[in-house]
Amino acid sequence: MCKSHLVLILTVAMAASLTALAESRDDLVGSVTDVKGTVQVIRSGAELAVEKGTRLYASDVIRTDTEAGVGIVLRDDTTLSLGPSSELKMSEFEFKPDEGILGMTLSVARGTLVYISGQIAKLAPGSAQIETPAGVAAVRGTELLVEVPAPKAGKKAEKAQ
Amino acid sequence: MKYATIVLMVLLAVAAGCATTPKTSFYLVPDPEGHVGEVTVTNQAASVTLNQANQTVAAERQDKAFSETRLAANEEIQAKFSDALAIVPPPPTGFSIYFATGSSKVDADSLPVFEQILAEARKRDSHDISLNGHTDRTGEADVNMNLSLERANEVRRMLVDQGVSAEYLNIEYYGESKPLVPTEDNVSEPKNRRVEVVVR
């Protein structure tokens, strides 16, 4: 009886501290709804395994493995997914509709991205942007697919000469 | 004449193949509701707007001009994006739970909404549910700030009682600052005494 109470108390305490942690960060950008294969997030130099429910914060970089994929929902209801061998950075995310502060920049370094607009693109058309090595897409309420080919090491060396 | 066209097409295709440094490409497609919006892609060389379903454009680098825009076949889109499209999350679903004046006790009318929330959470095995607490403008703003937190906490308690893991629940609270129906100060407005629940 005592033991089960202790476990209960510990569980509640852990849950409370988890919640406190989540609430203490106001740069929460979204969360992961689905993972296939190996997906990682690079945060403050550390590499963490991504699983369903992983919270994402501004400046996070999400990487999928060769046969992996990931689904993400942002705080403004933007929905995203990445296909295999992809890399996406949550470069900027501001969602304070009551203060009129709205902006989002996602940077695709490589791979495939599906982007379906959320409230930022609807409330402030053009302020949702997707950066790629070939240009920036400003989105006005829609679904967009982006493919960024993996950089070829050999070609790069040629060009550098 | 026909042969000449075919030969020319083959030559062009080969030439395109040779010149291919892989390009970054953008495809505008209808969203889940069938709506086609607009996207403007800009780099150092130019700016191109896509506004038709399946319209696509590509460029090699920031300083290279864009290709001509064209309409892509669904097969081409599937070939490139089927893996990513297969894992697109379902759109988030929102619910509202209402309260009596000055109280964090859920209105009886709102109790059935919990069933809907639980069903939605179960359906998508949600690990991310937002609980956003609000009040109307009756009473002091700082008291209302606390009340909005209490309301969100009450909804959390009830969901946890129903078996939802507490770590999946995120609370935010706004007091009287984000009314659904704007009112003068000290106006009682039932629609503003709410916790907005978003299941992702």
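Using a 4.5 Å heavy-atom cutoff, the side chains of A:Thr54 and B:His127 are not in contact. The shortest distance between side-chain heavy atoms of B:Ile77 and A:Glu147 does not fall below 4.5 Å. Side-chain contact between B:Val198 and A:Arg75 is absent, with no heavy-atom pair separated by less than 4.5 Å. The closest side-chain heavy-atom distance from A:Val146 to B:Ser25 is not below 4.5 Å. Annotation: side chain of B:Leu85 is in contact with side chain of A:Glu143 (closest heavy-atom distance under 4.5 Å). At a threshold of 4.5 Å between non-hydrogen side-chain atoms, the residues B:Val29 and A:Val114 do not count as touching.
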I'd like to know whether B:Thr42 forms a side-chain contact (heavy atoms from CB on, under 4.5 Å) with A:Gln129, so could you lay out the CA-CA distance, the side-chain angles of the two residues, the decisive distance to 0.1 Å, and finally the verdict. CA-CA 11 Å; B:Thr42 306; A:Gln129 303 207 319; over 6 Å; no
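Within the 4.5 angstrom heavy-atom criterion, only backbone atoms of A:Val35 (N, CA, C, O) approach chain B. Proximity to chain A involves both the backbone and the side chain of B:Asp125, based on heavy atoms less than 4.5 angstrom apart. Both the backbone and the side chain of B:Lys80 come within contact range of chain A, with heavy atoms under 4.5 Å apart. Neither the backbone nor the side chain of A:Arg110 comes within contact range of chain B; no heavy atoms are under 4.5 Å apart. Of the atoms belonging to B:Pro30, it is backbone heavy atoms, and not side-chain ones, that fall under 4.5 Å from chain A.
The main-chain N or O of B:Pro91 is never found under 3.5 Å from a side-chain atom of A:Thr79 such that the two would form a donor-acceptor pair.
Remark: A:Asp34 does not engage B:Arg124 in a salt bridge, criterion side-chain N to carboxylate O under 4.0 Å.
Ranking B:Leu28, B:Asp63, B:Thr49 against chain A, the residue ahead of the rest is B:Leu28, based on heavy-atom pairs under 4.5 Å.
Between A:Ile130 atom CD1 and B:Phe26 atom CZ the span is 8.0 Å, to the nearest 0.5 Å.
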